[in-house]
Protein chains: 2
Amino acid sequence: MNRIIPEPSVIRLCLMYRLMERLENNGVKTVFSPDIGENLGITAHTIRKDISFLGEIGNTAAGYDVAKLKDHIHGNLGLDKKRFACIAGLGKLGQALLNYRQFLDGDYRVIAGFDSDINNLEMLRTSVPLYPSYRMTEIVKDMGIELAVIAVPVQAAQEVANRLIAGGVKGIINFAQVNVKSKSGQVLIRNIDLYGELRILSALLNLKETASLKKVNGPDPGKED
Amino acid sequence: MNRIIPEPSVIRLCLMYRLMERLENNGVKTVFSPDIGENLGITAHTIRKDISFLGEIGNTAAGYDVAKLKDHIHGNLGLDKKRFACIAGLGKLGQALLNYRQFLDGDYRVIAGFDSDINNLEMLRTSVPLYPSYRMTEIVKDMGIELAVIAVPVQAAQEVANRLIAGGVKGIINFAQVNVKSKSGQVLIRNIDLYGELRILSALLNLKETASLKKVNGPDPGKED
DNA sequence: CCATCTCTGTGAAAAAAATCACAAAAAATT
DNA sequence: AATTTTTTGTGATTTTTTTCACAGAGATGG
Ligand SMILES: NC(=O)c1ccc[n+]([C@@H]2O[C@H](COP(=O)([O-])OP(=O)(O)OC[C@H]3O[C@@H](n4cnc5c(N)ncnc54)[C@H](O)[C@@H]3O)[C@@H](O)[C@H]2O)c1
Ligand SMILES: NC(=O)c1ccc[n+]([C@@H]2O[C@H](COP(=O)([O-])OP(=O)(O)OC[C@H]3O[C@@H](n4cnc5c(N)ncnc54)[C@H](O)[C@@H]3O)[C@@H](O)[C@H]2O)c1
């Protein structure tokens, strides 16, 4: 058993965690590695390898106890650590996120919203405290906010990231149409390009047709659609 | 030069395309591989390798012509192929996407929206034609829609995916809190978990602190934040 | 127009990740 | 209680991806 976990495994384990939550809700008590794989589009081999990075937890010949596996992942990845989050930019996308239940009562709770447009702030009905953009660094620092979501226009994104980082944010999810960076490289940043996802899909489809793609993801598929 | 392109390279090339668009808008004429790398958080080596999968295009000792590289990626990845898209589920998130400019006038144009709630459909002000959910398969087939975005509640997601696939959709982006699957494995699916991104960030931060993560991404960072 | 300097393109090497294959442990069956 | 079946956990192997290193093509500059 290895205590050093590859990043792709961490990401898959997070997906497994979500799956275990759902299975537990549905009253499922036990799962086998091929079930998990089937659900996540990953081979059973990889599933078992990923889980084994966290130590032994399965039952030989009897699979994994759903609740136990969930807690195991939870504990080992430190998901029990609660963190505060904020949303910078409360336009169409920022508002949708701001009102999303999981962001309000989950482990990574949104406790502040920021926008440069004061009128916009006054219009919004929400239980989350909202602040003008110029107070971002100060508020982030005071509230101990560690995670941030950027949903501002492309021109403002890097500047907003800088202010968040100055306030002590350690992780950022960025939806603006530009990869934002942290100069020190110490802050984790995940750039998500929603429109770009369509571009990627289209490119993969094209290449799949002309057979010039090395591999298309997903493990042994079933038979029929 | 290799005509078979690894999937990670395809994804990075799509990011490069976005960057070239922006640089061109800003009047930048030439870029060097380290610039591109710096912008995307990837090493210059990888950038050059990725580009070289598409054939020679750079100028020895003089970098890449922005417009030329953009068109080169565009052509080689088949991004010139226009495709129609639709959005299934017009709640908070679906509406934000539906009104996003790039989805309305980009190459992957949203030409239909679906919701099971007729009242909701009647309330919405948009230039995109909206349809009740039960017509999904029929409309998708008739309009020749190839790409779809799923933004329905978790319970409905797989069922909606099935209907889209029955209508002939070839690629799906799914925002519901469950990995949806295509039985044949022929349909490309990208599951995006917005809340899960926060979980991943938190897990990576925890592991970084306890030094039990194999590698944290991002190439040689600069000096200061 | 020669020397030098710069940056691409790519085979080779290294690193990382996924897959395999099987021992071993427990459950199920007879 | 012995045998068969099942399924985990993990070293070993294979595949994939990234990084390296440098030849070579062209720019630059005297
Ligand atoms: N809406 C979508 O579906 C969608 C899809 C993909 C990507 N995006 C990206 O997400 C971002 C937000 O999109 P949107 O549609 O919500 O845009 P929007 O224009 O509706 O909202 C942007 C908000 O940011 C605020 N803002 C501007 N500068 C700011 C600053 N310096 N600090 C804080 N707030 C500031 C504005 O006042 C506005 O409220 C954009 O970068 C967009 O490209 C949006
Ligand atoms: N809103 C967010 O910020 C956010 C963030 C992360 C993930 N998500 C996920 O995105 C999805 C949508 O979220 P939301 O906040 O927009 O939810 P929502 O409840 O506001 O909207 C869901 C919409 O889907 C429609 N719908 C239900 N069943 C349908 C069916 N069978 N066919 C077509 N339409 C149907 C509903 O009528 C409703 O309009 C959910 O799965 C949610 O978990 C949302």
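Chain identifiers are assigned alphabetically (A, B, ...) following the order of the sequence lines, protein sequences preceding nucleic acid strands; residue numbering begins at 1 within each chain. For clarity, every value in this text was computed on a predicted model and none was experimentally measured.
For the pair B:Arg12 and D:dT18, the criterion of a side-chain N or O lying under 4.0 Å from OP1 or OP2 is met. B:Arg48 has no side-chain polar atom (N or O) that falls below the 4.0 Å cut-off from OP1 or OP2 of D:dT19.
Of the N and O atoms on the side chains of B:Arg83 and A:Asn206, at least one donor lies less than 3.5 Å from an acceptor on the other residue. Donor-acceptor pairing under 3.5 Å is recorded for the side chains of A:Ser33 and A:Arg48. A side-chain donor-acceptor contact under 3.5 Å links A:Asn162 and A:Gln158.
You'll find that the side chain of A:Pro8 is closest to C:dA17, out of D:dT19, C:dA17, C:dT19. If you check D:dT19, D:dT8, C:dT8 against the side chain of B:Thr43, the one that comes closest is D:dT19.
A heavy-atom distance below 4.5 Å is found between the side chains of B:Leu13 and B:Leu54.
Following rounding to the nearest Å, A:Phe32 (CZ) and C:dA28 (C1') show an atom-to-atom distance of 12 Å. Following rounding to the nearest Å, B:Asp35 (CG) and C:dC7 (C1') show an atom-to-atom distance of 11 Å. In this entry the distance linking CD1 of B:Ile5 with P of C:dT10 reads 13 Å, nearest Å. A:Ile11 has its CD1 atom 10 Å from the P atom of C:dA18, to the nearest Å. Atom-to-atom, NE2 of B:His45 to C1' of C:dA12 comes out at 13 Å; the value is rounded to the nearest Å. Between A:Ile51 atom CD1 and D:dT8 atom C1' the separation is 10 Å, expressed in whole Å. Taking atom CD1 on B:Ile47 and atom C1' on D:dT17, their separation rounds to 14 Å, with Å as the unit. Between the CD1 atom of A:Ile42 and the P atom of C:dA18 there is a distance of 9 Å, rounded to whole Å.
Among the atoms of the strands shown, only primed sugar atoms or phosphate atoms (P, OP1, OP2) are found under 4.0 Å from some heavy atom of B:Ser33.
Direction change of the helix axis from one end of the helix from C:dC1-D:dG30 to C:dT30-D:dA1 to the other is 20°, with five pairs defining each end axis (rounded to 10°).
Using a 4.0 Å cut-off between charged side-chain N and carboxylate O, B:Asp193 and A:Arg18 make a salt bridge.
The aromatic rings of B:Tyr195 and A:Tyr108 lie tilted to each other, with the angle between the two planes from 30° to 60°.
Judged by distance alone, with hydrogens and angles left aside, the side-chain atoms of B:His72 form no donor-acceptor pair with the main-chain N or O of B:Ile57 at under 3.5 Å.
Toward the 5′ end of DNA chain C lies the nearest nucleotide of B:Lys49, the other residue of the pair A:Lys49 and B:Lys49 mapping further downstream.
Residues from residues 57-67 of chain A lying near DNA chain D, meaning a heavy-atom separation below 4.0 Å, are A:Ile57, A:Gly58, A:Asn59, A:Thr60, A:Ala61, A:Ala62, A:Gly63, A:Tyr64 in numerical order.
For the atom pair CG (A:Leu188) and NZ (A:Lys170), the distance works out to 10.5 Å, reported to the nearest 0.5 Å.
Residues forming a side chain to side chain donor-acceptor pair (under 3.5 Å) with A:Glu197 (at least two apart in sequence, or on another chain): B:Arg190.
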